[in-house]
K.L.:
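Below are the structure tokens for one structure; questions will follow.
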Amino acid sequence: MAGRLILVRHGETDWNRGRRYYDGPQDPPLNATGDHEAGLLRPHLGGRRYAKVLCSPAARARRTARLAGLRPEIDPELVEWSYRMSPAEGQAPHAADEGCEVLPCGHDLWNHALRSAECGGECLREVTDRADRVLSRLAPHVAAGGDVVLVSHGNLIRLIATRWLGLPPDAAPRLTLSTGSISHLGDWNGRRALLSWNFAPAAFAAPATAATT
């Protein structure tokens with residue numbers, strides 16, 4: 001029986017709440033909601049045996065893994081997509097929300113990346129290749145019956161899922177993905193399949209309450 005690829009998106013940060021795009025080395029921490037979301041993952045992930053548990057080196061992903069009861073290996077290829085908008089003439093490349101007069105930003109990262117021939121940072125083709133490399137390394141573990149956990153980021157997880165299903169990168173933005181969520185990829189009747197998607201335990205739990213003294 002084939003195993004599963006278990007995709008875990010980190011808990012919420014203030015940037016997630018403000019709908020800001022990540023870029024390069026920026027790594028805001030989980031906020032109180034994000035800690036709550038990550039802790040609620042523990043009953044669904046902790047205390048189990050896995051063939052592999054891998055995590056992005058970003059602090060927000062590592063903290064999510066720890067609060068979820070996981071002890072992962074750090075995998076640099078699980079960092080978030082470091083995309084930067086193509087510069088206009090005379091301008092430097094900039095992150096998707098830089099230069100906007102009002103936040104949240106009105107730019108659409110996916111729309112821009114799918115239609116622009118140039119980019120700064122990591123282009124769509126490059127991050128898609130990275131997602132394919134991750135899958136090529138882990139698919140043998142899944143085929144052998146092992147469950148593999150990846151703790152990573154929204155855009156990369158969407159790309160990993162679409163590539164597992166044999167879909168082009170432009171399918172990725174159609175997959176809504178909450179912070180603090182779990183999704184499962186695997187096989188169904190001999191075909192690669194989406195077994196479950198975007199289960200966020202916090203959506204079914206009481207909201208986090210502030211600590212009292």
Side-chain angles (χ1 to χ4, degrees), residues 5-10 13 15-16 19-28 52 54-58 60-61 72-100 104-143 148-179 181 183-187 191-194 197-198:
L5 192 58
I6 303 169
L7 308 176
V8 181
R9 187 182 180 190
H10 65 76
T13 71
W15 282 32
N16 295 132
R19 297 183 62 81
R20 291 187 64 183
Y21 293 125
Y22 294 104
D23 176 52
Q26 295 156 332
D27 189 11
K52 283 275 189 183
L54 302 176
C55 181
S56 161
R60 58 194 187 275
E73 303 173 43
I74 300 302
D75 187 336
E77 290 210 301
L78 294 181
V79 295
E80 180 61 297
W81 179 15
S82 180
Y83 184 80
R84 293 173 73 82
M85 304 288 284
S86 302
E89 185 175 354
Q91 294 181 341
H94 59 285
D97 60 346
E98 288 179 11
C100 291
C105 175
H107 290 129
D108 186 304
L109 178 149
W110 287 98
N111 184 64
H112 185 273
L114 290 166
R115 288 161 177 78
S116 176
E118 299 178 357
C119 72
E122 189 177 28
C123 297
L124 180 61
R125 180 192 68 257
E126 294 167 332
V127 70
T128 301
D129 288 345
R130 178 153 61 89
D132 288 343
R133 289 195 302 271
V134 170
L135 288 174
S136 68
R137 286 191 285 119
L138 300 179
H141 294 286
V142 175
V148 176
V149 179
L150 304 182
V151 184
S152 189
H153 309 272
N155 290 326
L156 185 67
I157 288 175
R158 292 181 180 101
L159 274 171
I160 287 173
T162 58
R163 302 305 287 168
W164 177 266
L165 297 171
L167 300 173
D170 62 4
R174 293 170 171 80
L175 296 175
T176 300
L177 193 64
S178 303
T179 53
S181 63
S183 303
H184 296 86
L185 307 177
D187 286 343
R191 297 180 177 88
R192 285 189 171 186
L194 190 66
W197 186 256
N198 198 33

K.L.:
Specify the closest pair of heavy atoms between Ser136 and Pro140, including all atoms of both residues, with the distance to one decimal.
P.N.:
O-CD, 3.4 Å
K.L.:
Does any pair with a residue in residues 156-166 pass side chain to side chain donor-acceptor pair (under 3.5 Å), and if so which ones, sequence neighbours excluded?
P.N.:
Asp132-Arg163, Asn155-Arg158
K.L.:
Using side-chain heavy atoms (C-beta onward) and a distance below 4.5 Å, is Leu156 in contact with Val79?
P.N.:
no
K.L.:
In the structure I gave you, are the side-chain heavy atoms of His184 and Leu7 within less than 4.5 Å of one another anywhere?
P.N.:
no
K.L.:
Is any side-chain heavy atom of Leu54 closer than 4.5 Å to one of Pro72?
P.N.:
no
K.L.:
Arg130 versus Glu122: any side-chain heavy-atom pair under 4.5 Å?
P.N.:
yes
K.L.:
Quick one: closest heavy-atom pair of Pro57 and Asp75, and the distance?
P.N.:
CD-O, 3.5 Å
K.L.:
Taking all non-hydrogen atoms of both residues, which atom of Leu78 and which atom of Ser56 are closest, and how far apart?
P.N.:
O-CB, 3.3 Å
K.L.:
Please confirm whether the backbone N or O of Ser178 pairs with a side-chain atom of Asn198, one donor and one acceptor, at under 3.5 Å?
P.N.:
yes
K.L.:
Quick one: pull up CG in Leu5 and CG in Leu150 and give me the separation to the nearest 0.5 Å.
P.N.:
5.0 Å
K.L.:
Mind listing the closest non-hydrogen atom pair of Val8 and Ile157 along with its distance?
P.N.:
O-CD1, 3.5 Å
K.L.:
So, do Val142 and Leu185 sit near enough that their side-chain heavy atoms are less than 4.5 Å apart?
P.N.:
no
K.L.:
State, with a plain yes or no, whether a side-chain heavy atom of Asp170 is found less than 4.5 Å away from one of Trp110.
P.N.:
no
K.L.:
Any donor and acceptor pair, going by atom type alone, linking the side chain of Arg9 with main-chain N or O of Ser181 inside 3.5 Å?
P.N.:
no
K.L.:
Under the salt bridge (Lys or Arg N to Asp or Glu O under 4.0 Å) test, which residues partner Arg125, sequence neighbours left out?
P.N.:
none
K.L.:
Report yes if the side chains of Glu80 and Arg60 come closer than 4.5 Å at any heavy-atom pair, otherwise no.
P.N.:
yes
K.L.:
Shortest non-hydrogen contact from Ala61 to His10?
P.N.:
CA-CB, 4.0 Å
K.L.:
Drop me the distance from Leu167's CG to Arg192's CZ, to the nearest 0.5 angstrom.
P.N.:
11.5 Å
K.L.:
If I take atom CD from residue Glu126 and atom OG from residue Ser82, how far apart are they, to the nearest 0.5 angstrom?
P.N.:
10.0 Å
